[in-house]
Amino acid sequence: MTDAPTHAADTDTDETGDAADRKVVEQEQAEIKDFVKGLSADDIKSGNWFTKLAAHAMNAYTEKVDWQYFQDRYAGVPADAIVDQRIKMAARYAALEGGLSAGAYTATVAATIGSLGGASPVTVPAAVATVMVDVAFVTQLQLRLAYDISVLYRVPIDVHDPEDLWKLIRVALTVKSGEAANKTVSKAIPALVRPLVKRFYSNTVLTAGKALPVVGKHLLQRNVIKIGIPLVGVPLAVLLNRYTTLLAGRHARAVFRNEARVIELAEGMSRSSRHPQLMLWVAWLVIRANAKAKIADDEALLMRHLVRLVRERHGVVDEQFAHVVDIDPAEVWRRVDAEPGDLDDILDAAERVATVDGDVNSREKAVLAELRGRCHRG
């Protein structure tokens with residue numbers, strides 16, 4: 001290694017062997033143990049441990065890791081290739097840590113978690129600390145991996161902005177509204193032990209988790225299964241850590257790569273537009289072609305970046321557009337007809353907008369046909 005790693009995903013795949021990997025993981029695990037020792041009983045009981053972990057994991061890290069950081073390490077390598085290597089690397093570290101942590105799990109720890117009922121998990125701090133080290137290690141690894149991927153695809157994430165931080169958490173931990181953690185976990189378990197998993201979750205073993213916030217409960221459920229099934233603890237811990245980290249990385253890649261695609265589209269439209277203000281009106285008309293339909297996430301994302309880029313690149317701030325609730329097609333056609341000269345840039349932008357969320361529907365085709373007739377003035 002050319003430099004001493006400061007976290008478990010900061011070494012290159014082909015620069016390390018098994019011994020070096022294990023050393024990195026043990027170093028990071030030791031730091032996590034110190035973090036867990038600093039938690040109070042109330043932190044664990046209330047779920048504040050997760051808030052503190054997010055700050056611990058990301059604050060100093062994001063000051064060091066930016067796009068230039070990866071350019072220095074992977075000069076000239078396409079983002080897709082780097083992302084793939086980061087995901088594999090993180091999954092390898094997660095699996096190694098799973099084996100180390102599972103070795104510390106005992107029947108006593110499992111029984112402690114399973115018999116807590118509605119009591120606070122901190123009734124046996126040593127047992128809970130054993131579980132928390134594993135949870136915190138993997139969570140930190142996945143948060144940083146997701147952040148790495150956002151940076152590589154040039155998607156801005158400000159971890160000090162609550163909205164951006166929550167977005168990063170959702171992406172990294174694949175937390176979806178209403179998703180049962182046991183369904184996600186079960187997919188990772190070999191078929192032979194799935195009946196045990198189902199039986200485990202049907203008991204009251206996770207009652208203690210109900211006191212935690214949604215994210216804390218999700219993480220507890222996802223990890224406690226590793227110590228609740230006798231005889232398969234170590235291989236299951238390795239499998240789950242690796243699987244959930246691969247899942248987190250692939251999910252982050254899908255989300256941030258798609259957002260990078262939309263940002264790239266918005267940048268191209270803004271750069272080539274000769275009528276930036278009119279472009280906003282026409283783009284919104286295409287998106288709202290079916291006023292009763294829900295706006296797709298990619299459409300909303302495109303408009304947000306398009307408005308920002310038109311403001312930054314062209315200095316256009318349209319207050320009337322910002323206050324539109326129900327867009328009037330007649331108003332847009334009036335604006336189109338009032339513009340002299342070639343409007344091919346507007347037509348091109350409208351066609352791009354129509355395809356941002358997939359296939360062009362019939363209402364969008366109708367708007368494009370009308371626009372095409374008005375842009376081609378003979």
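Small disclaimer: the values here were computed from a predicted structure and weren't measured.
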What I'd like to find out is whether the side chain of [X] reaches to under 4.5 Å of the side chain of [Y], using heavy atoms alone.
X	Y	value
Leu246	Arg250	yes
Arg363	Val367	no
Arg311	Val307	yes
Leu347	Leu343	no
Val316	Pro276	yes
Leu168	Met58	yes
Arg154	Ile263	no
Leu301	Arg304	yes

Atom pair [atom1]/[atom2] of [X] and [Y] - distance to nearest 0.5 Å:
X	Y	atom1	atom2	result
Asp134	Thr139	CG	OG1	8.5 Å
Arg352	Leu306	CZ	CG	11.0 Å
Ile87	Met89	CD1	CE	11.0 Å
Asp348	Ser273	CG	OG	10.0 Å
Asp298	Asp357	CG	CG	7.0 Å
Arg73	Gln68	CZ	CD	13.0 Å

Just checking, is any N or O donor in the side chain of [X] or [Y] under 3.5 Å from an acceptor N or O on the other one?
X	Y	answer
Tyr61	Asp148	yes
Asn241	Tyr93	no
Asn59	Glu63	no

Practice prompt. Take Asp84 and Arg253 through the side chain to side chain contact (heavy atoms under 4.5 Å, CB included) test and state the conclusion after the steps.
Written response: CA-CA 9 Å; Asp84 185 62; Arg253 177 173 58 194; 3.7 Å; yes
Fill in: From CA spacing to verdict: side chain to side chain contact (heavy atoms under 4.5 Å, CB included), Tyr147, Val151
CA-CA 6 Å; Tyr147 179 79; Val151 170; 3.5 Å; yes
Worksheet item: With sequence neighbours excluded, what pairs up with His275 under the ring pair (Phe, Tyr, Trp, His ring centres under 6.0 Å) test?
Response: none
Worksheet item: Quick one: ring pair (Phe, Tyr, Trp, His ring centres under 6.0 Å) partners of Phe35, sequence neighbours excluded?
Response: His56
Worksheet, complete the sentence: Test side chain to side chain contact (heavy atoms under 4.5 Å, CB included), reference Ile32, set Val133, Val135, Val138, output is Val133
Discussion item. By the side-chain hydrogen bond (donor to acceptor under 3.5 Å, both in side chains) test, which pairs, at least two apart or in different chains, include something from residues 278-293?
Written reply: Trp281-Asp318
Worksheet item: Are Leu309 and Leu265 linked, directly or through other ILVMFWY residues, by side chains that come within less than 4.5 angstrom of each other?
Response: no
Worksheet item: Are Val317 and Met269 connected in a single hydrophobic cluster, I mean Ile/Leu/Val/Met/Phe/Trp/Tyr linked by side-chain heavy atoms less than 4.5 Å apart?
Response: no
Discussion item. For Leu165 and His160: C-alpha separation, side-chain torsions, deciding distance, then whether side chain to side chain contact (heavy atoms under 4.5 Å, CB included) applies.
Written reply: CA-CA 7 Å; Leu165 180 59; His160 301 293; over 6 Å; no
Would you check if the side chain of [X] reaches a backbone N or O of [Y] as a donor-acceptor pair within less than 3.5 Å?
X	Y	answer
His314	Arg274	no
Glu364	Asn361	yes
Glu339	Val336	no
Asp164	Asp158	yes
Arg242	Ala94	no

Worksheet item: If you count the non-hydrogen atoms of other residues, nucleotides and ligands that lie under 6.0 Å from CZ in Arg261, is the total more than 12?
Response: yes
Fill in: CG (Asp359) with more than 12 external heavy atoms under 6.0 Å
no
What is the minimum heavy-atom distance between [X] and [Y], and which atoms define it?
X	Y	value
Val282	Ala350	CG1-CB, 3.8 Å
Asp161	Glu163	OD1-N, 2.8 Å
Leu368	Ala354	CD1-CB, 4.0 Å
Ala57	Arg144	O-NE, 2.9 Å
Met279	Ser270	CE-CA, 4.2 Å
Ala172	Ala248	O-CB, 2.9 Å

Under 4.0 Å between a side-chain nitrogen and a carboxylate oxygen: does that hold for [X] and [Y]?
X	Y	result
Glu28	Lys23	no
Glu370	Arg374	yes
Arg257	Glu264	no

Fill in: Audit row: Arg86, Leu152, side chain to side chain contact (heavy atoms under 4.5 Å, CB included) steps and yes/no
CA-CA 10 Å; Arg86 301 298 283 190; Leu152 284 163; 4.3 Å; yes
Practice prompt. Could you list the residues that satisfy side chain to side chain donor-acceptor pair (under 3.5 Å) with Gln29, not counting sequence neighbours?
Written response: Glu97, Ser101
Item to complete: For Glu26, enumerate each residue passing the salt bridge (charged side-chain N to carboxylate O under 4.0 Å, His left out) test, keeping only those at least two apart in sequence or located in another chain.
Response: Arg22
Item to complete: With sequence neighbours excluded, give me every ring pair (Phe, Tyr, Trp, His ring centres under 6.0 Å) pair touching residues 325-359.
Response: none
